[in-house]
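Okay, structure first, notes after.
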Amino acid sequence: MFAMLHEKADEVLRTQFPGNTIAIQWTVPKESSFGDASLSLPLQLASLLKKKPREIAQVFVDALKTFPGVEKVEIAGAGYVNVWLTTEALLQELGESESAQSPTKLNKNEKPVIVDYSQPNIAKPLGVHHILSTVLGQALCNLHRHAGIPVVGWNYMGDWGTQFGKLAVAWEKWGDKKKSIETYTLDELLELYVRFHAEAEADAALDDAGRAAFRKLEQGDKELRAFWKGVVTVTKASLGDIYERLHVKFDTDIGESFYEDKMVPILDEGKKKGVFTEGKEGALIVEFPEESKLPPYLVQKGDGATLYATRDLAQIRYRIDTYQPQSILYVVDVAQQLYFQQLFATAQKLGWELPEIEHVVFGRMRFAESKMSTRKGTVLKLEHVLDEAVERAEAVIHEHRETIQTDDAAALAEMMGVGALVYGILSQNRKMDIVFDWDKMLSFDGNSAPYLQYTYARARSVLRKAGKETSTPSFPKAIAALTQSERVLIRMLLQFPGVLEDARESRMPHLLATYLFGLCQDFNAFYNVDPILLAEGSTKELRIALTAFSSNVLKTGAEILTLRVPEKM
RNA sequence: GCCCCCGUAGCUCAGUGGAUAGAGCAGCGGGUUUCUAACCCGUUGGCCGUAGGUUCAAUUCCUACCGGGGGUACCA
């Protein structure tokens, strides 16, 4: 229907006002008194043609008023064309949009999108701030998969670097040798790491020992390799539990260590091509043209050691060669924006044929009081925040013990608590900084995960009572007239496929979160005003179908955002 | 110094060329013989940081400035 409206308007534009290249853009008006679809094109045309906007609008009105499925067309305001659709057309359109509720079949011919996210450091527990990249990245993976696009979800582990040398030294000095390294907890490892930094402040020799140990590890020292492997094993096991709670899944967790033997060829290539040149103190750098305003980019230290930058170049090469991706998305915070500009510019200078490559930036998590530091051990652990969230959810559930319907309060608390935290992050524009505040992060009412979950449970409850729990929504052929709240809800439901597309293409999951919240508001308003089970005939049929449709959209949308919704609560 | 992001209601945030700038929280007033009141309805509250410019139309685009955050070669 909308596609046909678009064509018709385009036809009018081409035949009545030839020679104009303005794009037709139908919008869904905010106010329902402006119709189901609106066109502001006459205003643009008017200034180009030096004619009155309302006269131009009239041409569109005349052409559209007899169009099938159109109930009413009006000129409004300065020269808008507002179109109302017939009930039949709206319901038909709704039926056609239903496919957005289930994932599109995987298109195997399409090249994959690599999403690089989470990026934890080995030997350290996840801090709260890690949740940003983790859930944003997962939501982006889900959005693409839902559209049938192949995805490689990539957890790029920080499993290499000087910190292992330091940890090895700390373990050697203060560790409990009776315990094998695999039986250490992350907390115990962190303790060693923190102690190392505390003591290194007074004893500079420790740092040297740490660097020396890492060099030995790089050279393949057997004992250190075993230690390193043990630490990696311990960390992965511990991370796995948290990822499961967050409903986050990766396709690969190839980390930094994987690229150890893949950097020399890159360095050689860069030198041969004259892209890498000698900088201060024997370092290898990339210089960019004056007008780019990019400062030099360091790819090898003066002492010959490699850096994160070196590994990232090797990684781009590897990803292109192995996956031939259509795009690579780096879900990394804004502090590394310049770094990624330099990285991408360097890959270009090397003359590589690059896929679309984008730094999906997000703001930093700040703390009202003080900055976090892993080295000082002042990090707020993600696990702790999740537990606190679930505890708060339990308290809320307890408050509602008189009316609660759930069969599994523990599962509900987990769903609500974790959901509240995740929703708080995904409902905000990712570019904004987030100031960590317990009450703000763990909101349970208003625009929050529990509100979505409650709305879903309510809808499901109605469907259970109607005996329509499992059937797919079926809309009646004809309905006399729609109530105001039915119409508002239908218009909202119609927007779901477009929202998924916008959220995916702009890599902005909050568009989906905002939409779902709006849908809940419209559904709850409908639920409050229009009786569903007590209605009769085709009205009842319609309302049950709308309830089923809404609940399906809610569940689909929520799960793309990694949330879970309960059947009862 | 230079570069990037942010500045919208008391607070936290949506909206980013179009009609009267929205929501949540907080405040005030209502709604339960109806399918879950974890809800809904109404209401109070805005020089959209400041000043110019572009446009038929600017919170949205451009320029400058002010305020906050981040970055700016041997960390990742």
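We name chains A, B, ... by the order of the sequence lines, and we start the count at 1 in each one. Just the heavy atoms: all of them, side chains too, but no hydrogens, waters or symmetry mates, feed the values below.
For residues 45-55 of chain A, no residue pair satisfies the side-chain hydrogen bond (donor to acceptor under 3.5 Å, both in side chains) rule, not counting sequence neighbours. Listed by first and then second residue, the side-chain hydrogen bond (donor to acceptor under 3.5 Å, both in side chains) pairs involving residues 534-547 of chain A are A:E486-A:R543 (not counting sequence neighbours). For the side-chain hydrogen bond (donor to acceptor under 3.5 Å, both in side chains) condition, no pair includes a residue of residues 510-522 of chain A, sequence neighbours left out. Under the ring pair (Phe, Tyr, Trp, His ring centres under 6.0 Å) criterion, the residue pairs touching residues 528-549 of chain A are A:F475-A:F549, with sequence neighbours excluded.
Protein atom CZ of A:F362 is 16 Å distant from nucleotide atom C1' of B:C6, rounded to whole Å. Atom pair A:K568:NZ and B:U36:C1' shows a separation of 12 Å (rounding to whole Å applied). Atom CD1 in A:I22 sits about 16 Å away from atom P in B:G17, given to the nearest Å.
Near RNA chain B, meaning a heavy atom under 4.0 Å from it, residues 414-434 of chain A has A:M416, A:Q428, A:N429, A:K431, A:M432, A:D433 in order of number. Shown for residues 297-305 of chain A: residues whose heavy atoms fall under 4.0 angstrom of RNA chain B, namely A:L298, A:K301, A:G302. Remark: A:V396, A:H400, A:I404, A:Q405 in residues 390-406 of chain A come within less than 4.0 Å of RNA chain B through at least one heavy atom.
Using a 4.0 Å heavy-atom criterion, one finds that A:R464 contacts no nucleic acid atom at all. As judged by a 4.0 angstrom heavy-atom cut-off over every strand, A:D522 is placed among residues making no nucleic acid contact. Here A:L511 lies in heavy-atom contact (under 4.0 Å) with sugar-phosphate atoms only. As judged by a 4.0 angstrom heavy-atom cut-off over every strand, A:S38 is placed among the base-contacting residues. Base engagement by A:A457 is indicated by at least one non-hydrogen atom pair under 4.0 Å involving a base atom. As judged by a 4.0 angstrom heavy-atom cut-off over every strand, A:A309 is placed among residues making no nucleic acid contact. Backbone-only engagement by A:A335 is indicated by non-hydrogen atom pairs under 4.0 Å involving sugar-phosphate atoms exclusively. A:D312 comes within contact range of no nucleotide atom at all, as no heavy-atom separation falls under 4.0 Å. The residue A:P531 sits close to a base: some heavy atom pair falls under 4.0 Å.
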Under 4.0 Å protein heavy-atom contact, by nucleotide of nucleotides 56-65 of chain B - B base, S sugar-phosphate only:
B---------
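Listed by chain and number, the residues in a side chain to side chain donor-acceptor pair (under 3.5 Å) with A:D407 are A:K568 (sequence neighbours excluded). Annotation: side chain to side chain donor-acceptor pair (under 3.5 Å) contacts of A:S133 (sequence neighbours excluded): A:Q119.
Electrostatic pairing of A:K301 and A:E281 does not count as a salt bridge here, judged by no charged N lying under 4.0 Å from a carboxylate O.
When the C1' atom is compared between B:A14 and B:G46, the two are found 15 Å apart, to the nearest whole Å.
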Within the sub-3.5 Å range, which N or O atoms of nucleotides 40-43 of chain B have a protein N or O partner, and how far apart are they?
| from | atom 1 | to | atom 2 | distance (Å) |
| --- | --- | --- | --- | --- |
| B:C40 | OP1 | A:Y451 | OH | 2.5 |
| B:C40 | O4' | A:N528 | ND2 | 3.2 |

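Between the side chain of A:Q428 and the backbone N or O of A:G424 there is no donor-acceptor pair closer than 3.5 Å. Listed for the A:D437 side chain is a donor-acceptor partner under 3.5 Å among the backbone atoms of A:D439.
Centre separation under 5.5 Å together with a plane angle under 30° holds for the ring of A:F34 and the six-membered base ring of B:A19, marking them as stacked.
RNA chain B is contacted by both A:Y339 and A:N82; A:N82 maps to the nucleotide lying nearer its 5′ end (nearest heavy atom per residue). Place A:N447 and A:L533 on RNA chain B by their nearest nucleotides, and A:N447 ends up nearer the 5' end.
A:Y454 has a side-chain polar atom (N or O) that falls below the 4.0 Å cut-off from OP1 or OP2 of B:A38.
In this structure, A:Q495 places its CD atom where more than 12 heavy-atom neighbours from other residues, nucleotides or ligands lie under 6.0 Å away.
Partner of A:T235 under the side-chain contact (heavy atoms from CB on, under 4.5 Å) criterion, chosen from A:I122, A:L126, A:N121, A:D159: A:I122. The ring-ring contact (aromatic ring centres under 6.0 Å, His included) test with A:W160 is passed by exactly one of A:F258, A:Y308, A:W228, A:Y259: A:W228.
A:F444 does not carry A:R392 over the face of its six-membered ring by the limits of under 6.0 Å from the centre and within 45° of the normal.
A:F436 and A:W438 have perpendicular rings, their planes meeting at more than 60° on a 0 to 90° scale where under 30° would count as parallel.
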Using a 3.5 Å limit on both pairing distances, list the dot-bracket string of RNA chain B from the 5' end; Watson-Crick and G-U wobble pairs count, crossing pairs take [ ], interstrand pairs take |.
(((((((..((((....[...)))).(((((.......))))).....(((((..]....))))))))))))....
